[in-house]
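Working notes for the structure below.
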Amino acid sequence: MIRKILVANRGEIAVRVMRSCREMGIQSVAVFSEADRSAMHVRYADEACFIGPSPSSESYLNIDKIMDAAVKSGADAIHPGYGFLSENAEFARRVAEAGLIFIGPSPDAILAMGDKLTARKIMMDAGVSVVPGTRDLIEDEDKLKETADSIGYPIMIKASAGGGGKGMRLVREESELVSSYRRARSEAGSAFGNDVVYMEKYIESPHHIEFQVMADEHGNTVHLFERECSVQRRHQKVIEETPSPLMTPELRAKMGEQAVAAAQSVNYVGAGTVEFLVDNDHNFYFLEMNTRLQVEHPITERVTGVDLVKTQIMVANGEELPFKQEELTQTGHAIECRIYAEDPKNNFMPSPGLVKHITEPLGLGVRTDGYVYEGYEIPIYYDPMISKLIVWAQTRGEAIERMKRALYEYKISGVKNTIPFLKRIMEAEDFASGNYDTHFIEKNPEVLEIPSDCNQECEDMALFIAYLDYTEKMKKLVSEPTEVEKHASSPWKEFARRKSVLRL
């Protein structure tokens, strides 16, 4: 039985996993770098282990240090979260060799789906629809034109080991082909240490729709429906929702069936996500599979009522899935906004720094998965996401209005953030109508134009002044005792005075 889990991650996902651990009566172990000594996940966990300097290559990506922490802490299992080592087959193998449980799929499944070209071949053999394109890697520049002509322009050149938009080049005509191919290989080699690329047909104005899957080691595999992820900036998701506005019952059934087939083709165990591109005629094509929990998993939890992290832990513990496909249903509508410490008025430059004030939204149907607090300094070394704001309502229209209200209530001062940008998206007509695809932001340039908001600026100034006033009062209370306190001779009285100051 799993009694103690080391969470090999940081930030909001580490806290999220630890919450489920606490509800299950399982102890949690945090790992932290120099920059994260005062981080929320360290404060929340039952135990914490220091693993090195701030750069992730010397801490959160260092397998030896994490394995050493797991053994010394007496952990039974390791949950990788997402990012960092979550899709690293070598890490999963090392965990198993140490006699610990890796809360995720097997190393073989990670390897198979981690390489996009390999995954394409597996999907083709499993009868899953894939985007028309090459089956093998492209090594000979002399065959580029022949291959591109056979697929038909426009085409997309993609890094086989890639992700996050790196190593990708859109080619609309032959004159761009060779230079795009070379740039894609160079970027892929620099980013992933692997310059293998392949070609596929570019799907114009697609929807990016993913299916959540869950499987156990007893042969049971289910999907927990879809998530619409088409609001993207630089190939990175910004907003997700479920159900998808594009979806019909027939399309959902077909895509769900293929998502399950994709997972079964690699003997998948645990939580995973099968991603598809869908055109306006409801033709859909396999894109990739993420062999981990996704950032946007909370919206699936909200409409299905399933705690995905608890289910991951149960499956890793050798238990059967507690539900069958026919028992799963969607109730209501959920939307997630990703809040980043970035400046939307300055090309989304990262904005690390001290969080001077934060007020998170509350109320019916509102959930915030975050990790920052007043006085916390967001480090420069990691992803700048502050939190995920999730809302749920009975209908999509009501969910949008609830998200608008929640974004209005969300106040952060001290660092620039993307809340104004997200507000603009919620107000866009195309989003409200559900008539959007992966080019939504390009087609709605006004979304990027954040107008000056006098009311907001005045509110931010008031928060800043209140913060300054608060800090000055704290200094006075600590340094200038009252007349009564000046005569305090007992150290217990002095302790009580300082404790009351801290409470303020």
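The structure displayed is predicted, hence computed values, not measured ones.
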Residues that T248 engages under side chain to side chain contact (heavy atoms under 4.5 Å, CB included), provided they are two or more places apart: E250, L251, H282
Side-chain donor/acceptor of W392 to backbone N/O of T331, under 3.5 Å: yes
Within-4.5 Å side-chain heavy-atom neighbours: E301 and I390: no
Throw together a table of side-chain donor-acceptor distances under 3.5 angstrom for residues 263-271, partners on residues two or more places apart or in other chains.
| residue | atom | partner | partner atom | Å |
| --- | --- | --- | --- | --- |
| S265 | OG | A262 | O | 2.6 |
| Y268 | OH | A271 | O | 2.7 |

Listed partners of E401 passing salt bridge (charged side-chain N to carboxylate O under 4.0 Å, His left out), at least two apart: K404
Salt bridge E336-R302, side-chain N to carboxylate O under 4.0 Å: no
Side-chain donor-acceptor pair present, Q394, H333, cut-off under 3.5 Å: no
For H41, ring pair (Phe, Tyr, Trp, His ring centres under 6.0 Å) partners two or more places apart: none
side-chain contact (heavy atoms from CB on, under 4.5 Å) between L246 and I209, intermediate numbers included: CA-CA 9 Å; L246 180 74; I209 295 178; 3.9 Å; yes
Exam field: side chain S190 to backbone E187, donor-acceptor pair closer than 3.5 Å: no
Note, E226 side chain near P243 side chain (heavy atom, < 4.5 Å): yes
Contact summary for S205 and H439, nearest pair of heavy atoms: CA-CD2, 3.5 Å
Qualifying residues under ring pair (Phe, Tyr, Trp, His ring centres under 6.0 Å), relative to Y285, sequence neighbours excluded: none
pair E228-T242: side-chain heavy atoms closer than 4.5 Å: no
Which side-chain N or O atoms in residues 93-112 pair as donor and acceptor under 3.5 Å with protein atoms at least two apart or in another chain?
| residue | atom | partner | partner atom | Å |
| --- | --- | --- | --- | --- |
| R93 | NE | E90 | OE1 | 3.0 |
| R93 | NH1 | E97 | OE1 | 2.8 |
| R93 | NH1 | E97 | OE2 | 2.2 |
| R93 | NH2 | E90 | OE1 | 2.9 |
| R93 | NH2 | E90 | OE2 | 2.3 |
| R94 | NH1 | D64 | OD1 | 3.2 |
| R94 | NH2 | D64 | OD1 | 2.8 |
| S106 | OG | A109 | N | 3.2 |

Shortest non-hydrogen contact from H218 toward G318: NE2-O, 2.8 Å
Heavy-atom pair of closest approach, residues A191 and K166: CB-CD, 3.7 Å
Set of salt bridge (charged side-chain N to carboxylate O under 4.0 Å, His left out) partners for D279, sequence neighbours left out: none
Pairing residues for D46 by the salt bridge (charged side-chain N to carboxylate O under 4.0 Å, His left out) criterion, not counting sequence neighbours: R22
Working for salt bridge (charged side-chain N to carboxylate O under 4.0 Å, His left out), residues E342 and K416: CA-CA 6 Å; E342 295 176 336; K416 301 287 186 182; over 6 Å; no
Non-hydrogen side-chain atoms of L137 and Y198 separated by less than 4.5 Å: no
Pair listing, salt bridge (charged side-chain N to carboxylate O under 4.0 Å, His left out) test, anchored in residues 212-223, at least two apart: none
Distance-only polar pair, side chains of S230 and D437, donor-acceptor under 3.5 Å: no
Partners passing salt bridge (charged side-chain N to carboxylate O under 4.0 Å, His left out) against R3 (at least two apart in sequence or in another chain): none
Y436 and F440 aromatic ring geometry - parallel, tilted or perpendicular at 30°/60° bounds: perpendicular
Side chain to side chain contact (heavy atoms under 4.5 Å, CB included) partners for K237, two or more places apart: H208, E210, C229, Q232, E240, E275, Q294, E296, R338
Side-chain heavy atoms of P361 within contact of T368, under 4.5 Å: yes
Distance-only polar pair, side chains of S33 and Y382, donor-acceptor under 3.5 Å: yes
G167 backbone acceptor or donor facing K158 side chain under 3.5 Å: no
R396 to F431, cation-pi by 6.0 Å centre distance and 45° axis angle: yes
Nearest heavy atoms of I157 and A184, plus distance in Å: CG2-CB, 3.8 Å
Short side-chain to backbone donor-acceptor contact, S54 and A35, under 3.5 Å: yes
Residue pair I63 / L85, side-chain heavy-atom distance below 4.5 Å: yes
Between T291 and E87: side-chain donor-acceptor atoms closer than 3.5 Å: yes
Side chains of H297 and Q212, donor plus acceptor under 3.5 Å: no
R10 charged N/C atom sitting above F32 aromatic ring, 6.0 Å / 45°: no
S129 backbone acceptor or donor facing Q258 side chain under 3.5 Å: yes
Closest contact, heavy atoms only, N9 versus G83: ND2-O, 4.2 Å
By ring pair (Phe, Tyr, Trp, His ring centres under 6.0 Å) - contacts of Y410 (at least two apart): none
Exam field: side chain S20 to backbone V17, donor-acceptor pair closer than 3.5 Å: no
Salt bridge (charged side-chain N to carboxylate O under 4.0 Å, His left out) between R120 and E200, intermediate numbers included: CA-CA 10 Å; R120 277 176 61 84; E200 65 182 23; 3.2 Å; yes
Test item: side-chain donor near acceptor, R227 and T300, under 3.5 Å: yes
Salt bridge (charged side-chain N to carboxylate O under 4.0 Å, His left out) assessment of K121 paired with D125: CA-CA 6 Å; K121 293 177 183 178; D125 294 339; over 6 Å; no
Distance-minimising heavy-atom pair for N194 and A161: ND2-CB, 3.8 Å
Ring centres under 6.0 angstrom apart (F348, Y340): no
Inter-residue atom distance Q27.CD - D76.CG, 0.5 Å rounding: 9.5 Å
Heavy-atom side-chain contact between K324 and E327 under 4.5 Å: yes
Ring center gap for Y376 and Y371 short of 6.0 angstrom: yes
Validation row: P298, D369 side chains within 4.5 angstrom (heavy atoms): yes
